[in-house]
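So that the names make sense, note that chain A is the first sequence line, chain B the second, and so on, each numbered from 1.
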Protein chains: 2
Amino acid sequence: MPINSFTDYPMSWKPDRDVLKRPFYLSLASLLEHDIINGYLAPGTKLPPQRELADFLDVNFTTITRAYKLCELKGLIYAITGSGTFVSPNAARSITISKDRISKECIDLGFAESFEQTNSIVAEAAKKVMEKSYLEQLFNYNEPTGIVHQKAAALNWMRAFGIHANTEHVAIVSGALNALTIALLALFEPGNRIAVDKYTYANFIEISKSLRVKLVPIPGDEHGMLPHELEQQCLQWGVHGVFLMPSCGNPTTVMIPDYRKKELAAVIRKHHLILIEDDVHAFLSAGITDDYGQPMYQLLPDQTVYICSTSKSICSGLRVAYMVFGDAFQEKIMRAIFNINVKTSSLDAEIITELILSGKANEIVAKKKQLAQSANLLYTELFPQPLHTGHPLSFYRWLPLPDKVNGSQLESYLLDKGIRVFHSDRFLSGAGTPDNYLRVALSSTNSLEELKRGLEILKENLRLYCG
Amino acid sequence: MPINSFTDYPMSWKPDRDVLKRPFYLSLASLLEHDIINGYLAPGTKLPPQRELADFLDVNFTTITRAYKLCELKGLIYAITGSGTFVSPNAARSITISKDRISKECIDLGFAESFEQTNSIVAEAAKKVMEKSYLEQLFNYNEPTGIVHQKAAALNWMRAFGIHANTEHVAIVSGALNALTIALLALFEPGNRIAVDKYTYANFIEISKSLRVKLVPIPGDEHGMLPHELEQQCLQWGVHGVFLMPSCGNPTTVMIPDYRKKELAAVIRKHHLILIEDDVHAFLSAGITDDYGQPMYQLLPDQTVYICSTSKSICSGLRVAYMVFGDAFQEKIMRAIFNINVKTSSLDAEIITELILSGKANEIVAKKKQLAQSANLLYTELFPQPLHTGHPLSFYRWLPLPDKVNGSQLESYLLDKGIRVFHSDRFLSGAGTPDNYLRVALSSTNSLEELKRGLEILKENLRLYCG
DNA sequence: ACATTTGTCGCTTGACATTTT
DNA sequence: CAAAATGTCAAGCGACAAATG
């Protein structure tokens, strides 16, 4: 029996010790999960310290450790040595971001599409592919990682971004997320840690969670992740990898300048980290900004998986992404591709190839950049921001909120007013001071007029909501 | 210090205690992994019992438990309470089966393709799709799980196999393997157990391994998995799911008759298992064999994920598979799809849709069945087998070997003679008496003549090899 | 600067289940 | 059938590391 009675001790969570069945830790964990999912424990709540709860329940404190650990693995809570254990901000709901159907009336500034007005050019290319003499061969099992001429076109495409490799080190997969899943499965194990920006790609957070890969948020500034902070976390935790989007961070629109890339590369090299470089926005940065330099793959070819999706730059509906990697990763990545894809549609890859080789892809990019410029101009007029805040051509913007607001409440409030946007909480990679931003997609409306209307409604309602 | 000296005790593995660093269990596990990967410990070797090795190394026996456990999770070893711990049959090499390039001279009876002679029909359908008024809309982000009319066509297609559902419970994904990955990620957790046939789909074994889902092999007879054996394993271990290919098991060609489906369904219902039903071969069985009945999904709609790929039946290069599921799984599966695919190529799905709606898909199926019949006839002439051995139209056959042979040796011997086939070891889902079979694909050669030549070479060389 | 709070981790203990003999 | 061999698992112990005040 415990020595003291805790009945009126201020503990945030007092599980009923009578309902606990053996094994205690499992029973306790599912009790905790239940209470979080059902909202009895609000996000951010500090749970009782392990020793205290252990005393209360009259078990050893490491039994509590185990129960907490289970819930932490599921992403329900997080623990900070020295300060305590807390309910996760996104514990109760999924942060998965997708293009699911929302009401017709609603203007979608949430899910970031890619100015789909250019798809007529894609349709033309598709028709051209139908005339190829080798059309039939696109429908069989051959060449699971892409046909050689498709890989050559891929390299041709990526050369503009500064990628130099040979076809042996390229694979064609079914989109960026597919590439990320492959990279995580091939190169990491459950329990491994990957350093990420504090705010990062929401679907990457979700995949990591489901593959039990832990994310370690690293502070950054306006030029991206801070090298010394990364270094410190490497020393502190055993960090195995880093995930970066150097050309234009999602959702923060941060572009990492060349000097910072080099500093980060030095840390990554020193600590033998695996870099996952998601360069979907390379086409927005290479050759435009002065200090672009080159992808980090070129600085660390043996430690990097470079991922370049064509969803944003060329066409979103054709699921094509290129993976570039060094010798050390080749076998593992190839095996993962066979295991989870068998192959990627050669037809999709061929249409992208046709677009690249015919020069139409560049035409599309030029158009999209132009649309992005207009959209950003519109945005800046309504939401003035300091010069050089983030990427100038980003397909979405990162809007600081004037006040401390509740993320999901604000989202529903705005949805009710006919606007879908995403609050920063959805992009939170781990514990941390919950700042307040909105990610506002500029690339998902059918026209600039619709975008303008959407932004105006957003502005007006933010004024009303935040006062 | 240990009391006894074990220096000349017959232990199969004597790690050097001096190279062990703390933490012991990690150090020991990587030592063991190294010795297995490098072949110092052959597959099947019995490792020292935990207590014995613990004594030898002067640590507690549960420290050995943990080290062994780690290696077991990686699939390197397996343990049987009461008998001991053993090196896995497939520890050192991957059993991933893919269409990687093999020499031109070689006749491929290994990787099972699907009579690719029908792809000209697919090419025609693709051209038809180019004329659709809504072509451009196939290239955007909309409808991540498939456009409604595509889902309707999917249901139309599967109705012939006995599937009845509505479009809300269907999703279009990128091939069967993609569907399996989604199902495993959505519905299972690391450490969960899934019951499978002793010999099962090799890539499923590999995905399970990488997602840390354990497979429990269940004995079967000529009509498939034995219900009472499944029941017994459910009681013994905590089994969470079952994986079945009822229409034509890969690699065994076993077709589960209706009475057996019902018996199995009863066990699955009783133990609340999740059934993953891979019905890629439905088109070969529905309406052909008398005792087909219906898919198990119809018997257990709330506990089943039904997967129907069009790779074998219609076209392998267009990566399309249909998933059908009940309400209980819908949300989890949808979320997993958004997380790992974002979406599947609408273009690929549309071409398949066109093939189905125009009736060309049935034409393709008829042709493939005809080719399969001829191929099976050829096979039976050269390798006589008892009547009613497995599925009569299977795209591959399961050839019992006359003698106890080494699997990978035989594979290389035959490869050397210009024939690629896969030995049964590649399909082994867990520990078990290693029988000897070859899976001989009948559907991967460019012509029946090539197949005949291949089978003749195979027969002749098996005679020479097995004596 | 230092003690306190708090979480982490590896190892040990002992009860237990299964298989073999 | 009982005893021995063997692997499994939950819980406890204690050293340690990080954050707080």
Side-chain angles (χ1 to χ4, degrees), chain A residues 2 9 11-13 17 20-30 32 46-73 77-87 191 193 214 216 232-238 430-433, chain B residues 9-13 20-30 32 46-73 77-87 191 193 214 216 232-233 235-238 431-432:
Chain A
Y9 197 89
M11 278 204 303
S12 61
W13 186 54
R17 66 152 89 48
L20 285 191
K21 282 183 281 294
R22 284 180 156 254
F24 294 143
Y25 81 106
L26 272 182
S27 181
L28 196 60
S30 48
L32 180 54
K46 182 178 190 302
L47 292 171
Q50 297 177 349
R51 284 167 179 81
E52 203 166 302
L53 187 57
D55 242 21
F56 173 74
L57 295 171
D58 201 16
V59 297
N60 184 276
F61 74 95
T62 56
T63 303
I64 310 294
T65 307
R66 281 188 196 93
Y68 279 9
K69 193 93 228 161
L70 262 180
C71 289
E72 187 179 7
L73 266 174
I77 61 178
Y78 62 95
I80 300 171
T81 305
S83 14
T85 306
F86 306 85
V87 179
R193 290 195 177 82
K214 293 181 198 166
V216 181
Q232 204 193 305
Q233 298 293 320
C234 285
L235 297 169
Q236 186 169 332
W237 315 79
T433 42
Chain B
Y9 197 89
M11 278 204 299
S12 60
W13 186 52
L20 285 190
K21 282 182 281 293
R22 284 180 157 256
F24 293 142
Y25 79 105
L26 273 183
S27 181
L28 196 61
S30 49
L32 180 54
K46 180 179 191 305
L47 293 172
Q50 298 177 347
R51 285 167 178 80
E52 202 166 301
L53 186 57
D55 243 21
F56 173 73
L57 294 171
D58 201 17
V59 295
N60 185 277
F61 74 95
T62 57
T63 304
I64 311 294
T65 308
R66 266 194 302 282
Y68 278 8
K69 193 95 228 159
L70 264 180
C71 289
E72 187 181 5
L73 269 174
I77 62 179
Y78 62 96
I80 299 170
T81 305
S83 359
T85 307
F86 306 84
V87 179
R193 291 194 177 83
K214 292 181 198 163
V216 182
Q232 203 194 306
Q233 298 293 318
L235 297 169
Q236 187 170 333
W237 316 77

Check: Has Gln50(A) got a side-chain N or O lying under 4.0 Å from the OP1 or OP2 atom of dT8(C)?
Finding: yes
Check: Does the base of dG7(C) carry an N or O that pairs as donor and acceptor with the side chain of Arg51(A) under 3.5 Å?
Finding: yes
Next item on the list: Would you mind reading off the distance between Leu28(B) atom CG and dG10(C) atom P, rounded to a whole angstrom?
Entry: 14 Å
Notebook entry, point to check: Asp55(B) has an atom CG; how far is it from atom P of dT6(D), in whole Å?
Noted result: 12 Å
Margin query: Distance check, rounded to the nearest 0.5 Å: Leu26(B) atom CG versus Leu20(B) atom CG?
Written below: 11.0 Å
Notebook entry, point to check: Looking only at heavy atoms, what is the nearest atom pair of Ser83(B) and Lys46(B), with distance?
Noted result: O-CE, 3.2 Å
Check: Of the non-hydrogen atoms in Ser30(B) and Ser27(B), which two are nearest, and what is the gap between them?
Finding: OG-O, 3.1 Å
Notebook entry, point to check: If you find the nucleotide of DNA chain D closest to Lys21(A) and the one closest to Gly82(A), which residue's nucleotide is nearer the 5' end?
Noted result: Lys21(A)
Note to self: If you go through the side-chain atoms of Thr62(A), does one of them form a donor-acceptor pair with the base of dG12(D) closer than 3.5 Å?
What the structure shows: yes
Note to self: So which atom in Tyr78(B) and which in Val87(B) form the shortest heavy-atom distance, rounded to 0.1 Å?
What the structure shows: CE2-O, 3.8 Å
Margin query: Counting only side-chain nitrogens and oxygens, does Lys69(B) get under 4.0 Å of the OP1 or OP2 atom of dG7(D)?
Written below: no
Check: Considering only side-chain heavy atoms of Ile80(B), which listed nucleotide, dT19(C), dT13(C), dA10(D), is closest?
Finding: dT19(C)
Checklist line | Length of the CG-P vector between Leu53(B) and dC11(C), whole Å | finding: 14 Å
Check: Is any side-chain heavy atom of Tyr25(A) closer than 4.5 Å to a side-chain heavy atom of Thr65(A)?
Finding: no
Note to self: If you only use heavy atoms from C-beta on, which nucleotide in dT8(D), dT6(C), dA11(D) is closest to the side chain of Phe61(B)?
What the structure shows: dT8(D)
Next item on the list: Let me know the distance between CZ of Arg193(B) and C1' of dC9(D), rounded to the nearest Å.
Entry: 12 Å
Item checked: Thr63(B) vs dT12(C): side-chain N/O to OP1/OP2 distance below 4.0 Å -> yes
Check: Under 4.0 Å between a side-chain N or O of Thr85(B) and OP1 or OP2 of dG7(D)?
Finding: yes
Item checked: Complementary nucleotide of dC1(D), counting Watson-Crick and G-U pairs under 3.5 Å -> none
Margin query: Using a heavy-atom cut-off of 4.0 Å across all strands, would you classify Ser83(A) as base, sugar-phosphate, or nothing?
Written below: sugar-phosphate
Next item on the list: Give none if dT20(D) has no partner; otherwise give the nucleotide forming a Watson-Crick or G-U wobble pair with it, both distances under 3.5 Å.
Entry: dA3(C)
Check: When you measure from the side chain of Arg66(A), which nucleotide among dT6(D), dT6(C), dG12(D) comes out closest?
Finding: dG12(D)
Check: Base, sugar-phosphate, or nothing for Tyr68(B), non-hydrogen atoms under 4.0 angstrom?
Finding: nothing
Next item on the list: Could you check how far CG of Leu26(A) sits from P of dA10(D), rounded to whole Å?
Entry: 6 Å
